[in-house]
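Worksheet for the structure shown next.
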Amino acid sequence: MLTKRHAQDGYPPSDREVVPFFKQQYKNFDSARLAFSLFLGYLFDQVTKLVDKDHNLASALGWRDWLDRQATQGNGSNRDDLYRRVLEEVNLDVCGYFSTRVGVTSYAAYKEIVNRLKQTALEGPPMVISRA
Amino acid sequence: MEAKTSESLEKLITLLKPPPIPNSQPPQSSANEKMPTVLLYIDEVHSAQTRLPGDPKHRTNYSALTRAIDSFKSKALLAIFTSTMSRLYELAPPQMVHSSARVVGNDAIPLPFWELPFDVNVGKMSRSRLTLEEITSTAHIVKFGRPL
């Protein structure tokens, strides 16, 4: 079912989380590369788990149909659920990385970064484009 | 980090590869072994054109993303980037002004597809009656031959 925001601009809710992740400003080239490597790694891990459980998802057709189906747990489609889980893992891992690299040792500072990353992920899409 | 991500991809590729057919001959050419098993498709990639602050090469998130994917170049992975924005010259600039020295003067780098047609097979579609569910199915939509 289309949500109100989905119906307005054609973006599914998963794009609302993934697009800001790719759009946000990273500290430098290595930070950005790390964030994207983590994203891909967790995405591959999640897909591996899913295909291992149901081999029908190994085909492009099966995978696409599964993505569009309503998630059995949580809100939205399987696509929304999948990307939400991947981004949660990435955000926590990026925070862990920064905490060791830049000396963020206090829990308050750690939570601040987590909250800021979550806030970024919840922002709307950068622009409204009609989809082909 | 990239080694771990590469390992995750390798697991997925192994899982997706069809099992060998019993008593069949091995493939004649190594070309089959290089066929992509995983297709990574990133739409609206212009969203990743955020400039990295203070980067001497004026690189963007997109540069970092392609570098991350570049670490899988020996794997059976094909990555496709698409965008509905017309400012693709920022994503795929001419070789001579590219920020990566590996790209400058490298004729093996494929040129981007600047413009793709829409619903190329629509004239060949059958006019049979279909239900709403059938029309919205992936199996039906792919018959249009949309490159995007």
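Chain letters run A, B, ... following the sequence lines, proteins first, then strands; residues in each count from 1.
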Contacting region of [X] [heavy-atom separation from chain A under 4.5 Å]:
| X | value |
| --- | --- |
| B/S63 | both |
| B/F72 | side chain |
| B/L39 | neither |

Where [X] and [Y] come nearest, the two heavy atoms and their spacing:
| X | Y | result |
| --- | --- | --- |
| B/R51 | A/Q25 | O-NE2, 2.8 Å |
| B/S8 | A/T48 | O-OG1, 4.1 Å |
| A/S37 | B/T5 | O-OG1, 3.2 Å |

Problem set entry | side-chain contact (heavy atoms from CB on, under 4.5 Å) evaluation trace for B/K4 with A/D45 | CA-CA 10 Å; B/K4 189 185 171 302; A/D45 282 345; 3.9 Å; yes
For this session: Using atom types as modelled and distance alone, determine if a side-chain donor or acceptor of B/N61 lies under 3.5 Å from a backbone N or O of A/Q24.
Result: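 Looks like yes, one N/O pair under 3.5 Å.
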For this session: Using heavy atoms and a sub-4.5 Å threshold, report which of residues 52-59 of chain B line up against chain A, by residue number.
Result: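 Near chain A, by residue number: B/L52, B/P53, B/D55, B/R59.
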Exercise. Is any side-chain heavy atom of B/V142 less than 4.5 Å from a side-chain heavy atom of A/L61?
Worked result: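 Heavy-atom side-chain distance check fails, nothing below 4.5 Å.
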How many angstroms lie between atom [atom1] of [X] and atom [atom2] of [Y], to the nearest 0.5 angstrom?
| X | Y | atom1 | atom2 | answer |
| --- | --- | --- | --- | --- |
| B/S137 | A/D65 | OG | CG | 7.5 Å |
| B/S47 | A/F21 | OG | CZ | 13.0 Å |
| B/T66 | A/F36 | OG1 | CZ | 9.5 Å |

For this session: Determine whether B/L78 and B/Y41 fall in the same hydrophobic cluster, where Ile, Leu, Val, Met, Phe, Trp and Tyr are linked whenever their side-chain heavy atoms lie under 4.5 Å apart.
Result: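 B/L78 and B/Y41: one cluster.
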For this session: Could you go through the side-chain contact (heavy atoms from CB on, under 4.5 Å) check for A/F39 and B/L65 one step at a time?
Result: CA-CA 10 Å; A/F39 178 88; B/L65 175 62; over 6 Å; no
Exercise. Top residue by heavy-atom pair count (under 4.5 Å) with chain B, among A/D52, A/L57, A/D68?
Worked result: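 Most heavy-atom pairs under 4.5 Å with chain B: A/D52.
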Problem set entry | side-chain contact (heavy atoms from CB on, under 4.5 Å) between A/L40 and B/L40, worked out | CA-CA 10 Å; A/L40 293 169; B/L40 180 69; 3.8 Å; yes
